[in-house]
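In what follows, a structure is listed as C-alpha coordinates, so that the remarks can point back to it.
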Number of protein chains: 2
Amino acid sequence: MAPTPQPLTAERILEATEEVLRRHGPAKATVVDVARALGVSHGSVYRHFRTKAALREAVTKRWLDRTSESLSGIVAGDGNGDGGRDPETRLRDWFSALFAAKRRKAGDDPELFATYMVLTEENGDAVGEHIADLVGQLRRIVQAGVDAGAFAADDPETTARALFHASRRFHDPRYAPEWEQPGTEDDFRAVMDLLLRGLRA
Amino acid sequence: MAPTPQPLTAERILEATEEVLRRHGPAKATVVDVARALGVSHGSVYRHFRTKAALREAVTKRWLDRTSESLSGIVAGDGNGDGGRDPETRLRDWFSALFAAKRRKAGDDPELFATYMVLTEENGDAVGEHIADLVGQLRRIVQAGVDAGAFAADDPETTARALFHASRRFHDPRYAPEWEQPGTEDDFRAVMDLLLRGLRA
DNA sequence: CAGCTGACAGATATTGAAATCTGTCAGCTG
DNA sequence: CAGCTGACAGATTTCAATATCTGTCAGCTG
(Lines give C-alpha, C1' and ligand atoms only; values in the text may rest on other atoms or scores of the structure.)
Protein backbone atom coordinates (compact mmCIF):
# COMPACT_ATOMS: atom_id res chain seq x y z
CA MET A 1 0.00 0.00 0.00
CA ALA A 2 2.51 2.63 1.20
CA PRO A 3 5.34 3.50 -1.24
CA THR A 4 7.69 1.25 0.79
CA PRO A 5 10.60 3.51 1.70
CA GLN A 6 12.64 0.59 3.06
CA PRO A 7 15.64 -0.79 1.16
CA LEU A 8 14.84 -3.49 -1.38
CA THR A 9 15.91 -6.85 0.06
CA ALA A 10 15.56 -10.43 -1.14
CA GLU A 11 13.24 -11.00 1.80
CA ARG A 12 10.87 -8.19 0.79
CA ILE A 13 10.85 -9.43 -2.81
CA LEU A 14 9.93 -12.93 -1.64
CA GLU A 15 7.06 -11.60 0.43
CA ALA A 16 5.75 -9.56 -2.49
CA THR A 17 6.10 -12.57 -4.79
CA GLU A 18 4.02 -14.74 -2.46
CA GLU A 19 1.36 -12.05 -2.44
CA VAL A 20 1.37 -11.76 -6.24
CA LEU A 21 1.16 -15.55 -6.58
CA ARG A 22 -1.75 -15.60 -4.14
CA ARG A 23 -3.56 -12.87 -6.12
CA HIS A 24 -2.88 -13.83 -9.72
CA GLY A 25 -2.06 -17.55 -9.54
CA PRO A 26 1.08 -19.26 -10.83
CA ALA A 27 0.27 -18.92 -14.53
CA LYS A 28 -0.28 -15.15 -14.56
CA ALA A 29 2.15 -13.96 -11.87
CA THR A 30 4.89 -12.00 -13.64
CA VAL A 31 8.11 -10.38 -12.51
CA VAL A 32 6.63 -7.04 -13.61
CA ASP A 33 3.71 -7.64 -11.21
CA VAL A 34 6.13 -8.26 -8.35
CA ALA A 35 8.07 -5.07 -9.16
CA ARG A 36 4.87 -3.05 -9.36
CA ALA A 37 3.75 -4.39 -5.96
CA LEU A 38 7.05 -3.16 -4.53
CA GLY A 39 6.97 0.17 -6.36
CA VAL A 40 10.24 -0.50 -8.21
CA SER A 41 11.19 -1.36 -11.78
CA HIS A 42 11.43 -5.01 -12.73
CA GLY A 43 15.15 -4.56 -13.42
CA SER A 44 15.66 -4.15 -9.67
CA VAL A 45 14.13 -7.53 -8.97
CA TYR A 46 16.69 -9.10 -11.32
CA ARG A 47 19.44 -7.59 -9.15
CA HIS A 48 18.42 -9.99 -6.36
CA PHE A 49 17.28 -13.05 -8.36
CA ARG A 50 19.03 -14.06 -11.57
CA THR A 51 15.88 -15.41 -13.22
CA LYS A 52 12.16 -15.71 -12.67
CA ALA A 53 12.68 -19.45 -12.11
CA ALA A 54 15.19 -18.72 -9.32
CA LEU A 55 12.68 -16.38 -7.68
CA ARG A 56 9.94 -18.99 -7.80
CA GLU A 57 12.31 -21.64 -6.47
CA ALA A 58 13.20 -19.40 -3.51
CA VAL A 59 9.51 -18.92 -2.73
CA THR A 60 9.01 -22.69 -2.90
CA LYS A 61 11.92 -23.37 -0.55
CA ARG A 62 10.66 -20.82 1.98
CA TRP A 63 7.23 -22.41 1.97
CA LEU A 64 8.55 -25.97 2.35
CA ASP A 65 10.91 -24.88 5.12
CA ARG A 66 8.02 -23.41 7.09
CA THR A 67 6.30 -26.82 6.93
CA SER A 68 9.42 -28.63 8.15
CA GLU A 69 9.85 -26.21 11.04
CA SER A 70 6.28 -26.62 12.22
CA LEU A 71 6.96 -30.35 12.62
CA SER A 72 10.39 -30.17 14.20
CA GLY A 73 8.81 -29.37 17.54
CA ILE A 74 7.40 -32.88 17.71
CA VAL A 75 10.75 -34.51 17.06
CA ALA A 76 11.56 -32.55 20.22
CA GLY A 77 13.90 -33.54 23.08
CA ASP A 78 15.68 -36.09 20.92
CA GLY A 79 18.81 -37.09 22.75
CA ASN A 80 18.21 -34.80 25.71
CA GLY A 81 17.52 -37.77 27.93
CA ASP A 82 14.29 -36.49 29.47
CA GLY A 83 12.42 -39.28 27.75
CA GLY A 84 9.28 -37.28 27.05
CA ARG A 85 6.39 -39.21 25.52
CA ASP A 86 6.95 -42.77 24.40
CA PRO A 87 8.37 -43.28 20.90
CA GLU A 88 5.20 -44.77 19.50
CA THR A 89 3.12 -41.77 20.52
CA ARG A 90 5.74 -39.41 19.25
CA LEU A 91 5.81 -41.07 15.83
CA ARG A 92 2.03 -41.17 15.64
CA ASP A 93 1.82 -37.50 16.65
CA TRP A 94 4.38 -36.52 14.03
CA PHE A 95 2.42 -38.19 11.23
CA SER A 96 -0.89 -36.85 12.54
CA ALA A 97 0.55 -33.33 12.61
CA LEU A 98 1.92 -33.69 9.08
CA PHE A 99 -1.37 -35.03 7.73
CA ALA A 100 -3.45 -32.44 9.61
CA ALA A 101 -1.28 -29.55 8.42
CA LYS A 102 -1.44 -30.63 4.79
CA ARG A 103 -5.14 -31.30 4.90
CA ARG A 104 -5.83 -27.95 6.53
CA LYS A 105 -3.84 -26.09 3.89
CA ALA A 106 -5.59 -27.91 1.07
CA GLY A 107 -9.02 -27.40 2.58
CA ASP A 108 -8.75 -23.80 3.81
CA ASP A 109 -7.47 -22.22 0.62
CA PRO A 110 -7.64 -24.63 -2.32
CA GLU A 111 -6.47 -22.01 -4.82
CA LEU A 112 -3.34 -21.18 -2.88
CA PHE A 113 -2.70 -24.87 -2.36
CA ALA A 114 -3.01 -25.44 -6.12
CA THR A 115 -0.55 -22.62 -6.68
CA TYR A 116 2.01 -24.27 -4.42
CA MET A 117 1.39 -27.60 -6.14
CA VAL A 118 2.44 -26.00 -9.42
CA LEU A 119 5.52 -24.52 -7.75
CA THR A 120 6.56 -27.85 -6.22
CA GLU A 121 6.09 -29.61 -9.54
CA GLU A 122 8.47 -27.23 -11.26
CA ASN A 123 11.04 -27.39 -8.43
CA GLY A 124 11.77 -31.07 -7.97
CA ASP A 125 15.12 -30.31 -6.33
CA ALA A 126 13.61 -28.19 -3.57
CA VAL A 127 11.04 -30.92 -2.94
CA GLY A 128 13.81 -33.52 -2.78
CA GLU A 129 15.60 -31.49 -0.10
CA HIS A 130 12.36 -31.08 1.81
CA ILE A 131 11.72 -34.83 1.73
CA ALA A 132 15.27 -35.51 2.89
CA ASP A 133 14.60 -33.09 5.75
CA LEU A 134 11.38 -34.85 6.78
CA VAL A 135 13.00 -38.29 6.52
CA GLY A 136 15.78 -36.96 8.76
CA GLN A 137 13.22 -36.00 11.40
CA LEU A 138 11.67 -39.47 11.14
CA ARG A 139 15.08 -41.10 11.44
CA ARG A 140 15.71 -39.29 14.72
CA ILE A 141 12.36 -40.42 16.12
CA VAL A 142 13.06 -44.01 15.02
CA GLN A 143 16.58 -43.89 16.44
CA ALA A 144 15.26 -42.62 19.78
CA GLY A 145 12.74 -45.46 19.77
CA VAL A 146 15.44 -48.04 19.09
CA ASP A 147 17.62 -46.58 21.86
CA ALA A 148 14.67 -46.77 24.25
CA GLY A 149 14.13 -50.40 23.29
CA ALA A 150 10.65 -49.72 21.92
CA PHE A 151 11.38 -50.09 18.20
CA ALA A 152 13.19 -52.79 16.22
CA ALA A 153 15.03 -51.32 13.22
CA ASP A 154 18.27 -52.64 11.74
CA ASP A 155 18.88 -49.41 9.89
CA PRO A 156 16.92 -46.35 11.10
CA GLU A 157 17.57 -44.43 7.86
CA THR A 158 16.06 -47.21 5.73
CA THR A 159 13.17 -47.59 8.15
CA ALA A 160 12.54 -43.84 8.13
CA ARG A 161 12.41 -43.85 4.33
CA ALA A 162 10.01 -46.80 4.42
CA LEU A 163 7.73 -44.99 6.89
CA PHE A 164 7.74 -41.91 4.70
CA HIS A 165 6.93 -43.78 1.49
CA ALA A 166 4.25 -45.94 3.14
CA SER A 167 2.41 -42.83 4.33
CA ARG A 168 2.52 -40.79 1.13
CA ARG A 169 -1.16 -41.32 0.47
CA PHE A 170 -1.67 -39.01 3.49
CA HIS A 171 0.77 -36.19 2.85
CA ASP A 172 1.63 -36.11 -0.84
CA PRO A 173 -0.37 -33.12 -2.16
CA ARG A 174 -1.31 -35.06 -5.28
CA TYR A 175 -3.75 -37.05 -3.14
CA ALA A 176 -5.35 -33.91 -1.69
CA PRO A 177 -8.71 -34.45 -3.46
CA GLU A 178 -9.01 -37.82 -1.70
CA TRP A 179 -8.34 -36.42 1.78
CA GLU A 180 -11.87 -35.12 2.16
CA GLN A 181 -13.56 -38.36 1.20
CA PRO A 182 -15.23 -40.34 3.98
CA GLY A 183 -13.15 -43.18 5.35
CA THR A 184 -9.88 -41.33 4.95
CA GLU A 185 -9.48 -41.02 8.71
CA ASP A 186 -9.97 -44.78 9.07
CA ASP A 187 -7.53 -45.50 6.27
CA PHE A 188 -4.94 -43.31 7.93
CA ARG A 189 -5.37 -45.03 11.28
CA ALA A 190 -5.18 -48.47 9.64
CA VAL A 191 -1.91 -47.67 7.88
CA MET A 192 -0.42 -46.18 11.04
CA ASP A 193 -1.46 -49.22 13.10
CA LEU A 194 0.11 -51.58 10.60
CA LEU A 195 3.34 -49.60 10.41
CA LEU A 196 3.69 -49.21 14.18
CA ARG A 197 2.99 -52.90 14.65
CA GLY A 198 5.80 -53.67 12.21
CA LEU A 199 8.10 -51.34 14.08
CA ARG A 200 7.64 -52.69 17.60
CA ALA A 201 10.58 -54.50 19.18
CA MET B 1 -5.26 -51.99 -43.68
CA ALA B 2 -7.88 -54.22 -45.37
CA PRO B 3 -11.37 -52.72 -45.87
CA THR B 4 -12.61 -54.74 -42.86
CA PRO B 5 -15.60 -56.68 -44.19
CA GLN B 6 -16.60 -57.91 -40.71
CA PRO B 7 -19.61 -56.48 -38.88
CA LEU B 8 -18.95 -53.38 -36.79
CA THR B 9 -18.88 -54.40 -33.12
CA ALA B 10 -18.09 -52.51 -29.90
CA GLU B 11 -15.06 -54.77 -29.57
CA ARG B 12 -13.66 -53.80 -32.97
CA ILE B 13 -14.24 -50.12 -32.22
CA LEU B 14 -12.36 -50.43 -28.94
CA GLU B 15 -9.42 -52.07 -30.67
CA ALA B 16 -9.32 -49.34 -33.31
CA THR B 17 -9.57 -46.66 -30.61
CA GLU B 18 -6.60 -48.11 -28.75
CA GLU B 19 -4.63 -48.04 -31.98
CA VAL B 20 -5.61 -44.44 -32.72
CA LEU B 21 -4.70 -43.40 -29.18
CA ARG B 22 -1.35 -45.13 -29.55
CA ARG B 23 -0.66 -43.36 -32.85
CA HIS B 24 -1.99 -39.84 -32.21
CA GLY B 25 -1.94 -39.55 -28.41
CA PRO B 26 -4.88 -38.65 -26.16
CA ALA B 27 -5.08 -34.97 -27.17
CA LYS B 28 -5.35 -35.52 -30.92
CA ALA B 29 -7.24 -38.80 -31.15
CA THR B 30 -10.68 -38.00 -32.59
CA VAL B 31 -13.79 -40.06 -33.21
CA VAL B 32 -13.36 -39.28 -36.91
CA ASP B 33 -9.90 -40.88 -36.75
CA VAL B 34 -11.38 -44.02 -35.20
CA ALA B 35 -14.09 -44.20 -37.88
CA ARG B 36 -11.51 -43.70 -40.64
CA ALA B 37 -9.34 -46.52 -39.19
CA LEU B 38 -12.39 -48.79 -39.39
CA GLY B 39 -13.47 -47.62 -42.85
CA VAL B 40 -16.86 -46.40 -41.63
CA SER B 41 -18.46 -43.00 -41.03
CA HIS B 42 -18.15 -41.50 -37.57
CA GLY B 43 -21.93 -41.69 -37.19
CA SER B 44 -21.58 -45.47 -36.98
CA VAL B 45 -19.26 -45.21 -34.01
CA TYR B 46 -21.92 -43.20 -32.16
CA ARG B 47 -24.31 -46.12 -32.68
CA HIS B 48 -22.16 -48.18 -30.28
CA PHE B 49 -20.93 -45.47 -27.87
CA ARG B 50 -23.14 -42.56 -26.87
CA THR B 51 -20.28 -40.07 -26.53
CA LYS B 52 -16.57 -39.77 -27.09
CA ALA B 53 -16.13 -39.76 -23.29
CA ALA B 54 -17.99 -43.10 -23.04
CA LEU B 55 -15.72 -44.56 -25.70
CA ARG B 56 -12.60 -43.42 -23.86
CA GLU B 57 -13.97 -44.75 -20.59
CA ALA B 58 -14.57 -48.16 -22.15
CA VAL B 59 -10.98 -48.23 -23.43
CA THR B 60 -9.76 -47.29 -19.93
CA LYS B 61 -11.82 -50.04 -18.29
CA ARG B 62 -10.53 -52.66 -20.73
CA TRP B 63 -6.97 -51.67 -20.02
CA LEU B 64 -7.39 -51.69 -16.23
CA ASP B 65 -9.18 -55.04 -16.37
CA ARG B 66 -6.26 -56.59 -18.23
CA THR B 67 -3.98 -55.47 -15.38
CA SER B 68 -6.27 -56.97 -12.74
CA GLU B 69 -6.47 -60.26 -14.60
CA SER B 70 -2.71 -60.58 -14.92
CA LEU B 71 -2.50 -60.47 -11.11
CA SER B 72 -5.41 -62.72 -10.27
CA GLY B 73 -3.25 -65.75 -11.00
CA ILE B 74 -1.17 -64.99 -7.94
CA VAL B 75 -4.17 -64.78 -5.65
CA ALA B 76 -4.50 -68.32 -6.94
CA GLY B 77 -5.91 -71.39 -5.15
CA ASP B 78 -7.55 -69.23 -2.48
CA GLY B 79 -9.93 -71.50 -0.64
CA ASN B 80 -9.08 -74.63 -2.61
CA GLY B 81 -7.30 -76.10 0.39
CA ASP B 82 -4.11 -77.14 -1.38
CA GLY B 83 -2.19 -74.58 0.64
CA GLY B 84 0.21 -73.58 -2.08
CA ARG B 85 2.96 -71.20 -1.09
CA ASP B 86 2.88 -69.60 2.35
CA PRO B 87 0.78 -66.45 2.72
CA GLU B 88 3.76 -64.16 3.23
CA THR B 89 5.38 -65.26 -0.03
CA ARG B 90 2.08 -64.99 -1.84
CA LEU B 91 1.54 -61.43 -0.66
CA ARG B 92 5.09 -60.45 -1.50
CA ASP B 93 4.79 -62.02 -4.95
CA TRP B 94 1.55 -60.20 -5.59
CA PHE B 95 3.07 -56.81 -4.82
CA SER B 96 6.25 -57.63 -6.73
CA ALA B 97 4.18 -58.60 -9.76
CA LEU B 98 2.11 -55.42 -9.53
CA PHE B 99 5.17 -53.22 -9.22
CA ALA B 100 7.07 -55.05 -11.96
CA ALA B 101 4.12 -54.87 -14.36
CA LYS B 102 3.62 -51.14 -13.83
CA ARG B 103 7.30 -50.38 -14.08
CA ARG B 104 7.66 -52.40 -17.26
CA LYS B 105 4.76 -50.61 -18.91
CA ALA B 106 6.11 -47.19 -17.94
CA GLY B 107 9.62 -48.04 -19.07
CA ASP B 108 8.92 -49.91 -22.31
CA ASP B 109 6.61 -47.37 -23.94
CA PRO B 110 6.55 -44.08 -22.03
CA GLU B 111 4.31 -42.37 -24.58
CA LEU B 112 1.63 -45.04 -24.39
CA PHE B 113 1.91 -45.02 -20.62
CA ALA B 114 1.42 -41.23 -20.61
CA THR B 115 -1.64 -41.71 -22.81
CA TYR B 116 -3.17 -44.11 -20.33
CA MET B 117 -2.31 -41.74 -17.47
CA VAL B 118 -4.44 -39.08 -19.17
CA LEU B 119 -7.25 -41.58 -19.63
CA THR B 120 -7.18 -42.68 -15.99
CA GLU B 121 -7.17 -39.06 -14.81
CA GLU B 122 -10.34 -38.34 -16.75
CA ASN B 123 -12.05 -41.56 -15.62
CA GLY B 124 -11.88 -41.51 -11.84
CA ASP B 125 -14.81 -43.90 -11.57
CA ALA B 126 -13.15 -46.62 -13.62
CA VAL B 127 -10.00 -46.21 -11.53
CA GLY B 128 -12.05 -46.49 -8.35
CA GLU B 129 -13.52 -49.78 -9.53
CA HIS B 130 -10.08 -51.03 -10.47
CA ILE B 131 -8.72 -50.16 -7.02
CA ALA B 132 -11.67 -51.89 -5.37
CA ASP B 133 -10.84 -54.93 -7.50
CA LEU B 134 -7.18 -54.95 -6.44
CA VAL B 135 -8.08 -54.42 -2.78
CA GLY B 136 -10.45 -57.39 -3.12
CA GLN B 137 -7.59 -59.56 -4.32
CA LEU B 138 -5.47 -58.39 -1.39
CA ARG B 139 -8.30 -59.10 1.04
CA ARG B 140 -8.49 -62.69 -0.15
CA ILE B 141 -4.74 -63.18 0.34
CA VAL B 142 -4.94 -61.62 3.82
CA GLN B 143 -7.96 -63.75 4.72
CA ALA B 144 -6.16 -66.90 3.59
CA GLY B 145 -3.20 -65.88 5.74
CA VAL B 146 -5.40 -65.32 8.78
CA ASP B 147 -7.08 -68.70 8.23
CA ALA B 148 -3.68 -70.35 8.01
CA GLY B 149 -2.65 -68.68 11.26
CA ALA B 150 0.18 -66.76 9.60
CA PHE B 151 -1.33 -63.27 9.67
CA ALA B 152 -2.98 -61.24 12.43
CA ALA B 153 -5.75 -58.99 11.10
CA ASP B 154 -8.92 -58.00 12.95
CA ASP B 155 -10.59 -56.91 9.73
CA PRO B 156 -9.08 -58.23 6.48
CA GLU B 157 -10.85 -55.57 4.39
CA THR B 158 -9.36 -52.72 6.43
CA THR B 159 -5.96 -54.39 6.42
CA ALA B 160 -6.14 -54.91 2.65
CA ARG B 161 -6.92 -51.22 2.17
CA ALA B 162 -4.01 -50.28 4.43
CA LEU B 163 -1.62 -52.51 2.47
CA PHE B 164 -2.79 -50.96 -0.77
CA HIS B 165 -2.40 -47.38 0.42
CA ALA B 166 0.97 -48.02 2.05
CA SER B 167 2.37 -49.35 -1.22
CA ARG B 168 1.07 -46.64 -3.56
CA ARG B 169 4.51 -45.15 -4.05
CA PHE B 170 5.24 -48.36 -5.99
CA HIS B 171 2.20 -48.76 -8.21
CA ASP B 172 0.48 -45.39 -8.55
CA PRO B 173 1.46 -44.24 -12.07
CA ARG B 174 1.99 -40.70 -10.82
CA TYR B 175 5.23 -41.92 -9.23
CA ALA B 176 6.46 -43.54 -12.46
CA PRO B 177 9.34 -41.05 -12.96
CA GLU B 178 10.74 -42.08 -9.56
CA TRP B 179 10.63 -45.81 -10.29
CA GLU B 180 13.81 -45.69 -12.36
CA GLN B 181 15.86 -43.85 -9.78
CA PRO B 182 18.53 -45.84 -7.92
CA GLY B 183 17.47 -47.09 -4.52
CA THR B 184 13.88 -47.69 -5.57
CA GLU B 185 14.34 -51.42 -5.29
CA ASP B 186 15.66 -51.03 -1.73
CA ASP B 187 12.81 -48.69 -0.80
CA PHE B 188 10.31 -51.22 -2.09
CA ARG B 189 11.88 -54.04 -0.11
CA ALA B 190 12.01 -51.91 3.06
CA VAL B 191 8.32 -51.02 2.84
CA MET B 192 7.36 -54.63 2.16
CA ASP B 193 9.46 -55.87 5.09
CA LEU B 194 7.85 -53.36 7.43
CA LEU B 195 4.32 -54.19 6.28
CA LEU B 196 4.81 -57.96 6.45
CA ARG B 197 6.35 -57.63 9.91
CA GLY B 198 3.27 -55.69 11.00
CA LEU B 199 1.04 -58.38 9.57
CA ARG B 200 2.60 -61.44 11.19
CA ALA B 201 0.59 -63.25 13.84
C1' DC C 1 29.31 5.18 -7.16
C1' DA C 2 25.75 1.68 -5.46
C1' DG C 3 21.56 0.97 -6.58
C1' DC C 4 17.93 1.81 -9.63
C1' DT C 5 15.64 2.84 -14.17
C1' DG C 6 13.64 2.01 -18.56
C1' DA C 7 14.42 0.97 -23.52
C1' DC C 8 15.35 -2.97 -26.02
C1' DA C 9 15.67 -7.90 -28.44
C1' DG C 10 14.08 -12.25 -28.32
C1' DA C 11 10.87 -15.48 -26.12
C1' DT C 12 6.26 -16.45 -24.55
C1' DA C 13 1.37 -15.65 -24.08
C1' DT C 14 -3.11 -13.84 -25.73
C1' DT C 15 -6.63 -13.18 -28.99
C1' DG C 16 -9.96 -13.70 -32.46
C1' DA C 17 -10.97 -15.59 -37.02
C1' DA C 18 -10.96 -19.89 -39.49
C1' DA C 19 -10.84 -24.83 -39.38
C1' DT C 20 -12.07 -29.05 -37.26
C1' DC C 21 -14.64 -31.91 -34.26
C1' DT C 22 -18.75 -33.73 -31.66
C1' DG C 23 -23.19 -35.40 -31.55
C1' DT C 24 -27.81 -35.63 -34.15
C1' DC C 25 -30.86 -37.28 -37.40
C1' DA C 26 -33.42 -37.64 -41.87
C1' DG C 27 -32.90 -40.48 -45.37
C1' DC C 28 -30.31 -44.11 -48.14
C1' DT C 29 -29.02 -49.02 -49.03
C1' DG C 30 -28.46 -53.96 -49.18
C1' DC D 1 -35.96 -52.48 -41.96
C1' DA D 2 -31.42 -52.72 -39.38
C1' DG D 3 -27.55 -50.62 -39.95
C1' DC D 4 -25.01 -47.09 -42.09
C1' DT D 5 -24.20 -42.44 -44.25
C1' DG D 6 -23.19 -37.65 -44.52
C1' DA D 7 -24.91 -32.87 -43.96
C1' DC D 8 -25.55 -29.95 -40.26
C1' DA D 9 -25.40 -26.76 -35.75
C1' DG D 10 -22.96 -25.71 -31.99
C1' DA D 11 -18.67 -26.55 -29.36
C1' DT D 12 -13.83 -26.90 -29.45
C1' DT D 13 -9.28 -26.49 -31.38
C1' DT D 14 -5.79 -24.40 -34.38
C1' DC D 15 -3.14 -20.78 -36.17
C1' DA D 16 -1.13 -16.46 -37.05
C1' DA D 17 -1.02 -11.73 -35.82
C1' DT D 18 -0.50 -8.92 -31.82
C1' DA D 19 0.63 -7.91 -27.19
C1' DT D 20 3.13 -8.88 -23.10
C1' DC D 21 6.93 -10.65 -20.63
C1' DT D 22 11.86 -11.95 -19.56
C1' DG D 23 16.42 -10.81 -19.03
C1' DT D 24 20.20 -7.30 -20.29
C1' DC D 25 22.59 -3.21 -19.91
C1' DA D 26 23.94 1.69 -20.76
C1' DG D 27 23.14 5.46 -18.37
C1' DC D 28 20.70 8.19 -14.62
C1' DT D 29 20.19 9.68 -9.70
C1' DG D 30 20.56 10.58 -4.84
Side-chain angles (χ1 to χ4, degrees), chain A residues 2-61 111 114-115 117-119 121-123 126, chain B residues 1-61 111 114-115 118-119 121-123 126:
Chain A
T4 60
Q6 305 125 6
L8 187 60
T9 63
E11 182 64 19
R12 285 189 59 230
I13 293 172
L14 289 175
E15 250 148 49
T17 306
E18 280 196 13
E19 179 58 21
V20 168
L21 281 166
R22 192 188 316 273
R23 277 195 144 83
H24 302 321
K28 292 208 215 158
T30 73
V31 176
V32 172
D33 289 332
V34 173
R36 185 168 28 240
L38 288 163
V40 300
S41 84
H42 75 281
S44 301
V45 173
Y46 281 99
R47 183 160 295 281
H48 292 84
F49 295 93
R50 261 196 3 281
T51 65
K52 183 188 187 184
L55 175 56
R56 285 166 80 112
E57 188 186 356
V59 169
T60 309
K61 280 208 167 95
E111 275 192 54
T115 293
M117 285 242 296
V118 171
L119 290 185
E121 263 156 44
E122 71 191 29
N123 290 293
Chain B
M1 307 287 179
T4 60
Q6 305 125 6
L8 188 58
T9 63
E11 182 63 21
R12 284 188 58 228
I13 293 173
L14 289 175
E15 249 147 50
T17 305
E18 280 196 13
E19 178 58 21
V20 168
L21 282 166
R22 193 190 315 274
R23 278 195 144 84
H24 301 318
K28 293 209 217 156
T30 72
V31 176
V32 172
D33 289 333
V34 173
R36 189 172 18 245
L38 288 162
V40 300
S41 84
H42 75 282
S44 301
V45 173
Y46 281 97
R47 181 160 296 280
H48 295 267
F49 295 92
R50 261 194 5 278
T51 64
K52 184 189 187 183
L55 175 56
R56 285 166 81 113
E57 188 186 356
V59 169
T60 309
K61 280 207 169 95
E111 276 191 54
T115 292
V118 172
L119 291 185
E121 264 156 44
E122 70 189 30
N123 290 293

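Computed from heavy atoms alone, side chains included, the values below leave out hydrogens, waters and symmetry copies.
Of the side-chain N and O atoms in A:S44, one or more sit less than 4.0 angstrom from OP1 or OP2 of C:dT5. Regarding contacts with the backbone of D:dT20, every side-chain N or O of A:T30 stays at 4.0 angstrom or more from both OP1 and OP2.
Atom P of nucleotide C:dG3 and atom CG of A:L38 are separated by 17 Å, given to the nearest angstrom. Rounded to an integer number of Å, the gap from A:F49 CZ to D:dT24 C1' is 18 Å. In this structure, NE2 of A:H42 is placed 11 Å from P of C:dG6, rounded to the nearest angstrom. Whole-Å rounding puts the B:D33 CG to C:dT22 P distance at 8 Å. In this structure, CZ of A:R56 is placed 9 Å from P of D:dT22, rounded to the nearest angstrom.
The side chain of A:K52 lies closest to D:dG23, out of C:dC4, D:dG23, C:dT24. Among the nucleotides C:dC4, C:dT14, D:dC21, the one closest to the side chain of A:H48 is C:dC4. For A:S41, whose side chain is taken as the heavy atoms from C-beta onward, the closest listed nucleotide among C:dT5, D:dT22, C:dT22 is C:dT5. With D:dG23, D:dT22, C:dT5 as the choices, the nucleotide that has an atom nearest any side-chain atom of A:V32 turns out to be D:dT22.
Atom CD of B:E11 has more than 12 heavy atoms from other residues, nucleotides or ligands within 6.0 Å.
Here B:R12 does not pair with B:E15 in a salt bridge; the nearest charged N to carboxylate O distance is not below 4.0 Å.
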